[in-house]
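Chain letters run A, B, ... following the sequence lines, proteins first, then strands; residues in each count from 1. A quick note: this is a predicted structure, and the numbers were derived from the prediction, not measured.
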2 protein chains.
Amino acid sequence: MTHHRMRWEERLWATGHRVTRQRSLILDAVCAGEGHTPLGEIYARVRRADRSIDRSTVYRALRLFVEVGLVVAADTGSGETSYEIKKPRPHHHLVCRGCGGEQEIGDDATAAMFDEVRRRHGFEIATDHLVLFGLCEACRCRAGP
Amino acid sequence: MTHHRMRWEERLWATGHRVTRQRSLILDAVCAGEGHTPLGEIYARVRRADRSIDRSTVYRALRLFVEVGLVVAADTGSGETSYEIKKPRPHHHLVCRGCGGEQEIGDDATAAMFDEVRRRHGFEIATDHLVLFGLCEACRCRAGP
DNA sequence: GTTGATGCAAATCATTTGCATATTC
DNA sequence: GAATATGCAAATGATTTGCATCAAC
């Protein structure tokens, strides 16, 4: 994702980290495909580009990317953590327990809720990436009432 | 929690499982204290009552309790899963990233949001126990804008 | 040339599983 | 007495870490 290249190099630079070939490949792997990508899949993509990159390097790079705000992490309940490039607008994910499908939703519905929680409890929710489980329309129909 | 005893024994019974001394102690340990309890703490409480109970028994019992709807599990992001006795009204938790404090909130705010998601995306959220991270009032003031 | 990043191997941590024995129904 | 639950020990799977070497600045 060439259009990110400038930005992320600057960001690493600004936070006192180095720009390396492996970090570049790992960030590319996060961007390839859509939405979340579980770590295992990111690792697989990276290995396709370079066999010699180690898992620990992938873990370290992802942790760094999250730390400097280039990437968001999400626990999809699948055992392994998923990652996604950080987008300007926060959004959330719906994961269907029936078919395993995922869909992305904007932050409108949640923003209202977050506001109400702040008003009522004085608590500022900072979860920029919510993963909500349930049943999608298709699976609901299939399941019946 | 004597008032639960009848109910949970019946529930296990009804689902074809057995009532054992260890399960009783483990459920007591879930109920002792307030709100969530991480597995490690549950295990510690159980061991205080009976040194011979194994971790695997605790894991198996908790999985069963969740399965039959006596207990809810929550991932608090601490690495280990937390558990709480299932209450009649669903509720959610706010976890402060500043001080680590937790507070419980009702499901009013989220219910509205869940409705909206159903209306707009046809998706029925089934998360009965949300853990939301952010900053509590005290920590927000301390942190400034 | 320094300092930070990588690859490798081994460690850690939460959770699960196989199996012989003990317990509940 | 038959079926299920337990304790024990060993396995699993995700993630982390120590350390010598290598690459970025």
Side-chain angles (χ1 to χ4, degrees), chain A residues 5 8-30 36-44 46-68 70-71 73-83 131, chain B residues 5 8-30 36-47 49-68 70-71 73-83 131:
Chain A
R5 189 138 285 153
W8 78 265
E9 296 189 342
E10 280 166 15
R11 176 128 217 107
L12 282 192
W13 186 251
T15 49
H17 299 280
R18 291 181 180 174
V19 173
T20 66
R21 190 175 45 81
Q22 18 277 81
R23 284 180 180 165
S24 173
L25 291 174
I26 293 166
L27 195 57
D28 282 350
V30 173
H36 290 141
T37 315
L39 184 128
E41 173 63 22
I42 293 175
Y43 176 65
V46 167
R47 294 284 286 205
R48 239 170 273 143
D50 180 344
R51 290 246 143 204
S52 73
I53 295 179
D54 191 73
R55 256 207 178 76
S56 64
T57 303
V58 177
Y59 275 105
R60 283 189 274 233
L62 289 170
R63 174 141 41 98
L64 176 64
F65 292 157
V66 170
E67 188 184 315
V68 302
L70 286 168
V71 161
D75 179 17
T76 64
S78 73
E80 60 185 346
T81 308
S82 288
Y83 298 87
V131 179
Chain B
R5 189 136 287 153
W8 78 266
E9 297 189 340
E10 279 166 17
R11 177 130 215 107
L12 283 192
W13 186 251
T15 49
H17 299 280
R18 291 180 179 175
V19 173
T20 66
R21 190 174 46 79
Q22 19 278 76
R23 284 180 180 166
S24 173
L25 291 174
I26 293 165
L27 195 58
D28 282 351
V30 173
H36 290 143
T37 315
L39 184 128
E41 173 64 21
I42 294 176
Y43 176 65
R45 287 179 192 161
V46 166
R47 294 283 286 204
D50 181 342
R51 290 246 144 203
S52 73
I53 295 179
D54 192 73
R55 256 204 178 77
S56 63
T57 303
V58 176
Y59 276 105
R60 284 190 273 233
L62 288 170
R63 175 142 39 101
L64 175 65
F65 292 157
V66 170
E67 188 185 315
V68 303
L70 286 168
V71 161
D75 179 17
T76 64
S78 73
E80 58 184 346
T81 307
S82 288
Y83 299 87
V131 180

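Regarding contacts with the backbone of C/dG4, every side-chain N or O of A/His17 stays at 4.0 angstrom or more from both OP1 and OP2. Within the structure, a side-chain polar atom (N or O) of B/Thr81 is placed less than 4.0 Å from OP1 or OP2 of C/dT15. Under 4.0 angstrom from either OP1 or OP2 of C/dT6 there lies at least one side-chain N or O belonging to A/Arg23. Residue A/Gln22 places at least one side-chain N or O closer than 4.0 Å to OP1 or OP2 of C/dG7. The phosphate of C/dT6 has OP1 or OP2 within less than 4.0 Å of a side-chain N or O from A/Thr20.
Per the geometry, CD1 belonging to A/Ile26 stands 12 Å off P belonging to C/dA5, to the nearest Å. Spacing between atom CZ of B/Arg47 and atom C1' of D/dT6 amounts to 13 Å, rounded to whole angstrom units. Spacing between atom CD of B/Glu80 and atom P of D/dA14 amounts to 19 Å, rounded to whole angstrom units. Between A/Tyr83 atom OH and D/dA14 atom C1' there is a gap of 10 Å when expressed in whole angstrom units. In this structure, OH of B/Tyr43 is placed 9 Å from P of D/dC8, rounded to the nearest angstrom. Going from atom CZ of B/Arg60 over to atom P of D/dC8 covers 12 Å, rounded to whole Å. A/Tyr59 places its OH atom 17 Å from the C1' atom of C/dT6, with the value rounded to the nearest Å. A/Arg55 places its CZ atom 13 Å from the P atom of C/dG7, with the value rounded to the nearest Å.
In terms of position on DNA chain C, the residue among B/Ser56 and A/Gly16 whose nearest nucleotide sits closer to the 5' end is A/Gly16. When each of B/Arg18 and B/Asp50 is assigned the nucleotide of DNA chain D with its nearest heavy atom, B/Arg18 is the one assigned upstream, toward the 5' end.
Distance check, rounded to the nearest 0.5 Å: CG of A/Leu25 to CG of A/Asp50 gives 6.5 Å.
At the heavy-atom level, B/Ser52 lies under 4.0 Å from the strands shown only through sugar-phosphate atoms.
With 3.5 Å as the limit, one finds no donor-acceptor pair spanning the side chains of B/Tyr59 and B/Arg63. Side-chain contact, A/Ser56 with A/Arg60: a donor N or O sits under 3.5 Å from an acceptor N or O.
Salt bridge annotation for B/Arg45-B/Glu41: present, with a cationic side-chain nitrogen under 4.0 angstrom from a carboxylate oxygen.
Between A/Trp8 and A/Val68, every side-chain heavy-atom pair lies at or beyond the 4.5 Å cut-off.
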